[in-house]
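Everything on this sheet refers to the single structure shown next.
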Protein chains: 2
Amino acid sequence: MGAEGHADGTVGKALDVLDMVAGFGRPVRFSDILAQADYPKATLYRLLQTLTHQGMLTLDPETGSYALGVRLVRLAHAAWAQSSLAPIARPYLDELARETGETIHLAQMDLGQVLYVDKRNAAKPVEMFAQAGKVGPAYCTGVGKAMLAYLPPEALEAALARQSFHRFTPHTLASREALLAELEAIRKRGHAWDAEEHETGIICCAVPIRSRAGRVMGALSVTSTTARTTLDALGAQAPMIKDIAAKIAAEAESWRFPEQV
Amino acid sequence: MGAEGHADGTVGKALDVLDMVAGFGRPVRFSDILAQADYPKATLYRLLQTLTHQGMLTLDPETGSYALGVRLVRLAHAAWAQSSLAPIARPYLDELARETGETIHLAQMDLGQVLYVDKRNAAKPVEMFAQAGKVGPAYCTGVGKAMLAYLPPEALEAALARQSFHRFTPHTLASREALLAELEAIRKRGHAWDAEEHETGIICCAVPIRSRAGRVMGALSVTSTTARTTLDALGAQAPMIKDIAAKIAAEAESWRFPEQV
DNA sequence: AGACTTAGTTTCGAATAGTGAAACCAAACG
DNA sequence: CGTTTGGTTTCACTATTCGAAACTAAGTCT
């Protein structure tokens with residue numbers, strides 16, 4: 001029915017609105033949202049009221065503008081702590097950052113997009129969640145390709161359908177075919193490159209984090225610049241990165257079973 | 001109708017379930033949730049299905065257990081980045097941590113409870129979100145009392161109604177009257193103490209962060225131990241803490257107006 | 001001041017979406 | 001092989017939600 005995303009039920013609509021408010025990145029007034037959403041005035045009004053009443057949004061009575069509520073932050077804490085990967089990977093990321101002196105990314109797949117879950121920055125020791133939580137494209141980032149390469153066919157298909165294939169740089173793989181060929185190469189090689197495909201001057205080496213059963217749980221990458229190093233030099237570190245990815249995977253898996261309370 | 005919390009509409013119920021899953025702090029199976037929630041089987045099932053379909057939950061097909069979804073992490077990132085206080089306060093917290101060498105907390109009020117939004121730890125430079133996002137009681141923490149003291153009457157009443165007044169230590173103010181008297185003292189003094197009221201050996205000095213109009217936006221605290229310092233010594237730093245709180249408030253406020261896009 | 005937008009809130013009958021007891025299916029158990 | 005446990009589906013009933021339209025409260029303009 002709806003032109004876009006099939007928001008099922010009231011809950012879907014409410015979450016849709018929530019995303020919308022989040023998308024603005026600043027407090028928004030009723031009419032701002034009304035313009036963007038194609039829900040009728042009264043409906044939107046009720047939706048906003050419900051969300052506010054539930055603490056997912058807050059309405060500043062002075063300016064009459066909505067912002068994301070604290071309940072989300074609370075939920076988020078749980079989500080992050082629970083997301084099998086992030087808390088477990090923490091010490092390993094620290095280690096990897098220390099060893100390499102480069103920027104480290106930990107990412108997961110989210111509907112064809114890359115969601116950065118944690119990050120270590122060469123300069124600023126532990127800078128997380130100010131950057132982590134962001135989303136990026138899958139087809140032109142190291143972590144994205146590393147995950148795509150090991151996705152089961154149906155999931156890959158679903159993910160591919162959501163790629164924009166925008167050409168960010170001259171090196172961007174801007175077609176489905178080019179990407180598929182690259183994914184094949186990644187599987188052969190065992191790790192993915194980002195050869196300035198997303199941003200000029202930025203290169204990285206990424207490996208998937210996979211469960212023993214082969215399920216892709218996330219990806220880990222070491223990022224640097226062409227000014228500082230080369231792909232080959234980064235590649236020399238691939239075995240170490242893979243090793244750490246394996247450790248994270250192992251620990252993440254062994255976490256599930258002893259949950260008998 | 002419902003014995004407990006008045007969850008209005010389907011959205012309320014869905015969010016309720018979400019909280020529930022978050023509360024477990026680990027992947028949970030259908031029946032775990034069913035036991036906890038008092039929704040009928042079929043209803044809960046549909047709710048979970050919707051949430052999963054929406055990406056707020058993920059269902060691990062292997063173990064058949066639900067966990068919080070990535071969409072939540074994405075939303076949370078936005079919530080944190082947008083929560084007028086947290087991102088602005090970042091550099092100030094760093095500064096305060098450097099100056100005092102103690103643990104710093106930034107908190108907001110969430111339905112009568114204290115929600116820790118950011119944290120600096122004396123030992124580990126920047127440890128956030130692993131601790132931040134947690135909630136704690138308001139009546140027996142420094143930040144909690146600092147905020148309560150400056151809440152408008154109705155909000156204070158609502159918050160008080162939600163305090164458990166559990167006696168954590170011999171110093172806990174375990175009654176409404178004792179707390180009200182203390183709040184009065186805090187207003188006189190301009191800052192709040194935590195004199196081992198929540199945990200033995202832990203003391204802190206907290207100040208509210210208030211808008212020019214007087215609205216309580218959050219609170220800031222410096223925490224230490226009785227082994228290392230005394231309340232009086234902490235009190236000597238109160239002016240500096242207040243100063244920083246004022247700076248954060250000012251910057252947070254000046255953020256709203258230039259939003260004309 | 002009076003007329004005319006603009007922004008947000010409320011109403012109310014019709015339509016839809018949510019409800020939940022009960023039936024059902026599939027494993028695991030004894 | 002009958003039974004329990006854990007999860008999914010059905011379906012008639014009804015409470016919720018829908019959304020056009022009416023309404024209120026500020027601004028603006030002339």
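A note on names: the letters A, B, ... follow the listed sequences, proteins ahead of strands, and every chain is numbered from 1. Just the heavy atoms: all of them, side chains too, but no hydrogens, waters or symmetry mates, feed the values below.
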Please tabulate, for the side chains in residues 146-156 of chain A, all donor-acceptor contacts under 3.5 angstrom to protein atoms that are two or more places apart in sequence or on a different chain.
none

Worksheet item: Can you check whether A:L85 reaches A:V117 side chain to side chain, under 4.5 Å on heavy atoms?
Response: no
Practice prompt. Considering only heavy atoms of chain B and a distance under 4.0 Å, specify the first and last nucleotide of DNA chain C in 5' to 3' order that meet this criterion.
Written response: C:dG18 to C:dA21
Practice prompt. Applying salt bridge (charged side-chain N to carboxylate O under 4.0 Å, His left out), name anything that partners A:R46, two or more places apart in sequence or on another chain.
Written response: none
Practice prompt. List for me each residue that meets ring pair (Phe, Tyr, Trp, His ring centres under 6.0 Å) alongside A:F165, sequence neighbours excluded, and say none if there are none.
Written response: A:Y139
Discussion item. Roughly what angle, to 10°, lies between the helix axis at the start of the helix from C:dA1-D:dT30 to C:dG30-D:dC1 and the one at its end, five pairs per end?
Written reply: 30°
Worksheet item: Roughly, in whole Å, what's the span from CG in A:D16 to P in D:dT17?
Response: 17 Å
Worksheet item: Residues two or more places apart in sequence or in another chain: which of them pass side chain to side chain contact (heavy atoms under 4.5 Å, CB included) with A:T58?
Response: A:A67
Discussion item. Return a single string for nucleotides 7-13 of chain D, one symbol per nucleotide in 5' to 3' order, where B is base contact, S is sugar-phosphate-only contact and - is none, cutoff 4.0 angstrom on heavy atoms.
Written reply: BBB----
Fill in: Nearest-Å distance for atom pair CG/P, residues A:L34 and D:dG19
13 Å
Worksheet entry | Set of residues satisfying side chain to side chain contact (heavy atoms under 4.5 Å, CB included) with respect to A:E184, sequence neighbours excluded | A:R187, A:K188
Discussion item. I'd like to check the salt bridge (charged side-chain N to carboxylate O under 4.0 Å, His left out) partners of B:K41; sequence neighbours left out, ordered by chain and number.
Written reply: none
Worksheet item: Taking only residues two or more places apart in sequence or in another chain, which ones pass salt bridge (charged side-chain N to carboxylate O under 4.0 Å, His left out) with B:E177?
Response: none
Worksheet, complete the sentence: Contacts of B:Y66 meeting ring pair (Phe, Tyr, Trp, His ring centres under 6.0 Å) (sequence neighbours excluded), chain-then-number -> none
Worksheet entry | side chain to side chain donor-acceptor pair (under 3.5 Å) partners for B:Q113, two or more places apart | none
